[in-house]
Amino acid sequence: MNHTPRLIARLIMARFRSLRWRLTAFYLGLLAVLLLVGGVAQYFAAREVLFRTNAQVLTSEYAAVLTAFRKQNVNRPATALRALILSNQFSSELASRHTSAAIFDVNGGRVAQAPATLSATEDVPTLTTQQYLDAISGGPKSYYIATSGDGSTHLLVLNVIRNGTKALGLAQLSIPTDEIDQTLRADRQLAIIGSLLVLLVALLLSPLIVGRALRPLEQVSATAGALAAGDYKQRVAVPHTSDEIGKLALAFNQMAAGIDQAFELRRQSEEEMRHFVSDASHELRTPLTSIAGYIDVLGRRETVDPPTLQASLSAMQQESSRMTRLVNDLLTLTRFESGTTPQRQRLQLDTFLNQALDELSLRARGVTEFREIQSGITVDADPEALRRVVNNLAQNALKYAAGAEQRWSVFSVNGRAAIRLEDTGPGISRQDLPHVFERFYRGDTARDRSAGGSGLGLAIAKSIVEAHNGSIEAQSEPGKGATITAWLPLATKS
Ligand code: ATP
Ligand code: MG
């Protein structure tokens, strides 16, 4: 029972905790305060203007009556005129239907009054004696407000009556303020109704406007949810504005694209890894099956003649050394591909390559070999690994371009050093060329060959060169030979 109001309160709170409602409430509150302050200021300004203009009218009325009165009594002696001005005669001239008048002497005492519409018993509204004395000595204010005996308020204007520079007394003109009050009341009502209407319109429109402005934010949070749930292709519609929300949407999309790319890369590398593992298992299974076959055959026989035994053992040895080579190749490949930095040292490429080729003793193997090795080119590299690259290239040329010429060269272009091997063999076919650096990739010719490798030679060369921040490329014109070039960054001068 007791829970229901609390639940409703919590629902309302939850609603108002949203940015949209808080912004709306904030702007409505601000608008209400501004309307209130503006309304109050406008009211007092209007009141002041009304009082002042009424006071001015009274003052000019007084001036006109005084001039006319002086003109009427121009023939009287000065003392008589002075007495007349300080009498009821002048005050009744000043008074009219709305205006009541009173005359005060220099001591602030009332000497005459003319309450046009008031009964004789009632007095005109008056100020304190001190205020009258102040008005005589220091000049009157533009208007005064006083309350009369019956509680009604009046607007009062004081005028000092002078004879030359000498003050004779004060003439007070007053009107009831009820007309002004009525105008002000109407003004006030208009302001209140107007403000309420403005607030109502704002109340109706601002949730729409704020909601519209915040819609991209809602979209961003929905899209973030989709991203979190694994839909990396989701993007936010970027508004055509360059405001904060537009920038947020743009930044969000960039982030989403980054995540998408990262996951795509991961997916690809997982895919590659799966391929690699399955290829490697496949390659390892072949020699194992072969060894198992020999063991099986030997096991079935009661007696094995020595030549058969010898042949089987040497075949098994071949298979096992093939497997060892394969496992070593795989280890090298993973070592360089896993990003271990090579043990670099400064190498003079000419001495290095000459030495490596001499060790291979290609001429002794019947190869026609040329060297165009520029001197003075240095690189920072792991000599062991680089020798591996040279060996792999040489082995390929020996295998696939048997009896052809080999042209080895070292040169540098644009801050890069190159080791190049050109052969005049059959070359690499067009469909093989883009794949020769892939792991386990063997060309058609290589596949047929019984002594064919496992297709890791060029992949290893590539991983080594790339670990040295270099690159490797193959060119070939089928029938005319193949060219493999390994590029390495030149050693920095120190
Ligand atoms: P492994 O090097 O592991 O013994 P492989 O030599 O078959 O095996 P890679 O060295 O990676 O593997 O070479 C890939 C393929 O590129 C080869 O199978 C072959 O078809 C082709 N190839 C490489 N070098 C040459 C070359 N000089 N002439 C013609 N074809 C070549
Ligand atoms: Mg090879």
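Whatever order the structure lists ligands and atoms in, that order sets their numbers, starting from 1. Hydrogens, waters and symmetry mates play no part in the numbers below; they use all other heavy atoms, side chains included. If you read the sequence from its start, that first residue is 1, and numbering goes on from there.
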Original post:
Within the structure, does Asn396 bring an N/O atom to less than 3.5 angstrom of an N/O atom in ligand 1?
Top reply: yes
Original post:
Is there at least one pair of N or O atoms, one from Gly457 and one from ligand 1, spaced under 3.5 Å apart?
Top reply: yes
Original post:
Is it true that Asp279 and Arg439 make a salt bridge, defined as a side-chain N closer than 4.0 Å to a carboxylate O?
Top reply: no
Original post:
For ligand 1, is Gly425 a contact, meaning one of its heavy atoms is under 4.0 Å away?
Top reply: no
Original post:
Is the Mg ion (ligand 2) less than 2.8 Å from an N/O/S atom of Asn392, whether that atom is in the backbone or a side chain?
Top reply: no
Original post:
CD1/Ile245 to CG/Leu217 distance, rounded to the nearest 0.5 angstrom?
Top reply: 4.5 Å
Subject >> Distance filter under 4.0 Å to Tyr441 heavy atoms, resulting ligand 1 atoms >> reply: 14 (C), 15 (C)
Original post:
Which atoms of ligand 1 have any heavy atom of Ile428 under 4.0 Å away?
Top reply: 29 (C), 30 (N), 31 (C)
Original post:
By number and element, which atoms of ligand 1 are closer than 4.0 Å to a non-hydrogen atom of Gly455?
Top reply: 1 (P), 3 (O), 5 (P), 7 (O), 8 (O), 11 (O), 12 (O)
**OP:** Compare Val436, Asn391, Asn392, Asp329 and give the one whose heavy atom is closest to atom 16 (O) of ligand 1.
**Re:** Val436
Original post:
Can you say whether the rings of Trp487 and Phe411 are parallel (under 30°), tilted (30 to 60°) or perpendicular (over 60°)?
Top reply: perpendicular
**OP:** Would you kindly specify which portion of Lys399 sits under 4.0 Å from ligand 1, judged on non-hydrogen atoms: side chain, backbone, both or neither?
**Re:** side chain
Subject >> Lys/Arg-Asp/Glu bridge criterion (N-O < 4.0 Å) met for Lys247, Asp243 >> reply: no
**OP:** Between Ala401 and ligand 1, find which residue part has any heavy-atom pair under 4.0 Å and reply side chain, backbone, both or neither.
**Re:** neither
**OP:** Answer yes or no: does an N/O atom from Tyr400 fall short of 3.5 Å to an N/O atom of ligand 1?
**Re:** yes
Subject >> Side-chain donor/acceptor of His468 to backbone N/O of Ile464, under 3.5 Å >> reply: yes
Original post:
Do the charged groups of Glu272 and Arg274 touch, with an N to O distance under 4.0 Å?
Top reply: no
**OP:** Could you tell me whether Gly443 and ligand 1 have an N or O pair separated by under 3.5 Å?
**Re:** yes
Original post:
When you check the gap from the basic side-chain N to the acidic O, do Arg188 and Asp181 get nearer than 4.0 Å?
Top reply: no
Original post:
Any non-hydrogen atom of Asp423 lying under 4.0 Å from ligand 1?
Top reply: yes
Original post:
Charged N to carboxylate O below 4.0 Å: is that the case for Arg344 and Asp382?
Top reply: no
**OP:** Determine, for Asp329 against Arg388, whether the closest basic-nitrogen to carboxylate-oxygen distance falls under 4.0 angstrom.
**Re:** yes
